[in-house]
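Lettering follows sequence order; numbering is per chain, from 1.
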Protein chains: 2
Amino acid sequence: MSTAGKHIKPTESELEILRILWERGPSTVREVHEVLEKIKDAGYTTTLKIMQIMHEKGLLQRDTSSKTHIYAAVVSQENTQRQLLDKMIDTVFNGSASQLVLQALGNHKSSPEELEKIKAYLDEIEKQQK
Amino acid sequence: MSTAGKHIKPTESELEILRILWERGPSTVREVHEVLEKIKDAGYTTTLKIMQIMHEKGLLQRDTSSKTHIYAAVVSQENTQRQLLDKMIDTVFNGSASQLVLQALGNHKSSPEELEKIKAYLDEIEKQQK
DNA sequence: ATTTGTTTACGAAGATATTCGTATATTCAT
DNA sequence: ATGAATATACGAATATCTTCGTAAACAAAT
């Protein structure tokens with residue numbers, strides 16, 4: 001099964017670490033922890049432990065060739081986003097993606113450029129459906 | 001603090017029950033359980049327990065005037081949707097609502113009517129921004 | 001009134017997530 | 001080589017969620 005097909009369910013803590021790894025690319029525990037500390041207070045071994053567990057679960061891969069291991073996300077940000085979004089649409093928005101879209105647009109200021117991008121995308125979808 | 005301001009975090013099981021209560025309105029444990037059974041196998045006392053806990057947490061209110069208690073959601077569906085969506089935008093989509101919107105539109109077939117509705121809504125937003 | 005069925009209350013077991021102390025191993029500077 | 005700093009490994013405590021068995025309260029039927 002490819003990465004795209006995996007159905008993953010990172011916990012809150014795991015998601016925080018994934019975000020850092022997506023942002024930074026492959027990193028050591030220390031590097032991840034230093035970023036994490038800024039938004040959360042946790043001990044170093046806590047971060048280490050979670051990353052080890054994530055590795056066991058297959059969420060992270062690690063390079064142990066040097067003493068200081070280097071971890072990297074196995075799952076892509078996009079796939080994770082899609083999975084979590086799909087689940088939210090299903091369980092929170094009764095399966096209606098457009099209901100979610102309307103909520104999202106209503107409660108967040110989007111720039112005119114972003115709105116245009118969305119409209120252009122809608123046009124594209126409509127064309128394809130014809 | 002009003003209902004709108006509460007920051008709630010229902011668990012998976014709690015969300016399932018909330019959905020049923022939003023759909024049905026105030027209901028007994030038995031009524032909720034019978035719906036729940038269709039999508040999940042769980043014992044009656046399990047459903048009861050979760051609803052009792054939800055009541056303790058303030059997620060549900062209950063009417064104990066008759067022997068068979070009647071439970072109702074304290075939080076509205078819309079507020080819950082907004083809260084969970086906000087959190088997802090923040091933690092999964094790096095704060096970009098439009099990024100989420102594009103994902104949602106891309107991965108779900110929406111009907112032409114729904115797409116039109118979204119476009120109309122976008123037009124409205126743009127007008128307001130002028 | 002006794003039985004039968006339904007409901008709530010209580011408590012505890014099992015599962016998972018989170019946290020961290022401590023031990024062990026490794027590296028590096030002296 | 002010895003000591004200081006840093007890394008990993010391990011295990012356990014704590015918290016939360018989920019599940020359900022059992023008991024007690026209550027209601028309805030016979």
Give each protein N/O atom lying under 3.5 Å from an N/O atom of nucleotides 15-17 of chain D, with the pair distance.
none

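Of all the heavy atoms in L21(A) and Y71(A), the pair that sits closest is CD2-O, 3.7 Å.
In this structure a side-chain-to-backbone donor-acceptor pair under 3.5 Å is present from E31(A) to T28(A). The main-chain N or O of V92(A) is found under 3.5 Å from a side-chain atom of Q81(B) such that the two form a donor-acceptor pair. Not a single donor-acceptor pair under 3.5 Å links the side chain of S98(B) to the backbone N or O of S96(B).
A straight line from CG of L48(A) to C1' of dT6(D) spans 12 Å, rounded to a whole angstrom. Rounding to whole angstrom units, CD1 of residue I70(A) and P of dA7(D) are separated by 12 Å. For the pair I53(A) CD1 and dA12(D) C1', the interatomic distance rounds to 13 Å; values are reported in whole Å. Rounded to a whole Å, the CE atom of M51(A) is 17 Å from the C1' atom of dC20(C). Atom pair I8(A):CD1 and dT16(C):P shows a separation of 18 Å (rounding to whole Å applied). At whole-Å resolution of the value, NE2 in H33(B) and C1' in dT8(C) are 15 Å apart. Following rounding to the nearest Å, I50(B) (CD1) and dC20(D) (C1') show an atom-to-atom distance of 11 Å. The CD1-P distance, from I17(A) to dT18(C), rounds to 9 Å in whole Å.
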Please set out all donor-acceptor pairs under 3.5 angstrom arising from side-chain atoms of residues 46-59 of chain A, sequence neighbours excluded.
unit_1: T47(A); atom_1: OG1; unit_2: H33(A); atom_2: ND1; d: 2.7
unit_1: K57(A); atom_1: NZ; unit_2: E14(A); atom_2: OE2; d: 2.6

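Within residues 60-69 of chain B, the residues that place at least one heavy atom under 4.0 Å from DNA chain C are, in residue-number order, R62(B), K67(B), T68(B), H69(B).
Interatomic distance, CD of E114(B) versus CG of L122(A), reported as 11.5 Å (0.5 Å rounding). The line from CG of L102(A) to CD of Q99(A) is 8.0 Å long, rounded to the nearest 0.5 Å. Here the OH-CG distance, from Y44(A) to L36(A), works out to 12.5 Å after rounding to the nearest 0.5 Å.
Side-chain atoms of D63(A) and S65(A) include a donor-acceptor pair closer than 3.5 Å.
A donor and an acceptor atom sit less than 3.5 Å apart, one in the side chain of K49(A) and one in the base of dG11(D).
When the side-chain nitrogen and oxygen atoms of Y44(B) are compared with OP1 and OP2 of dG21(D), none of them lie within a distance under 4.0 Å. One finds a side-chain N or O of Q52(B) lying less than 4.0 angstrom from the OP1 or OP2 phosphate oxygen of dA9(C). Put simply, R30(B) has no side-chain N or O that comes within less than 4.0 Å of OP1 or OP2 on dT6(C).
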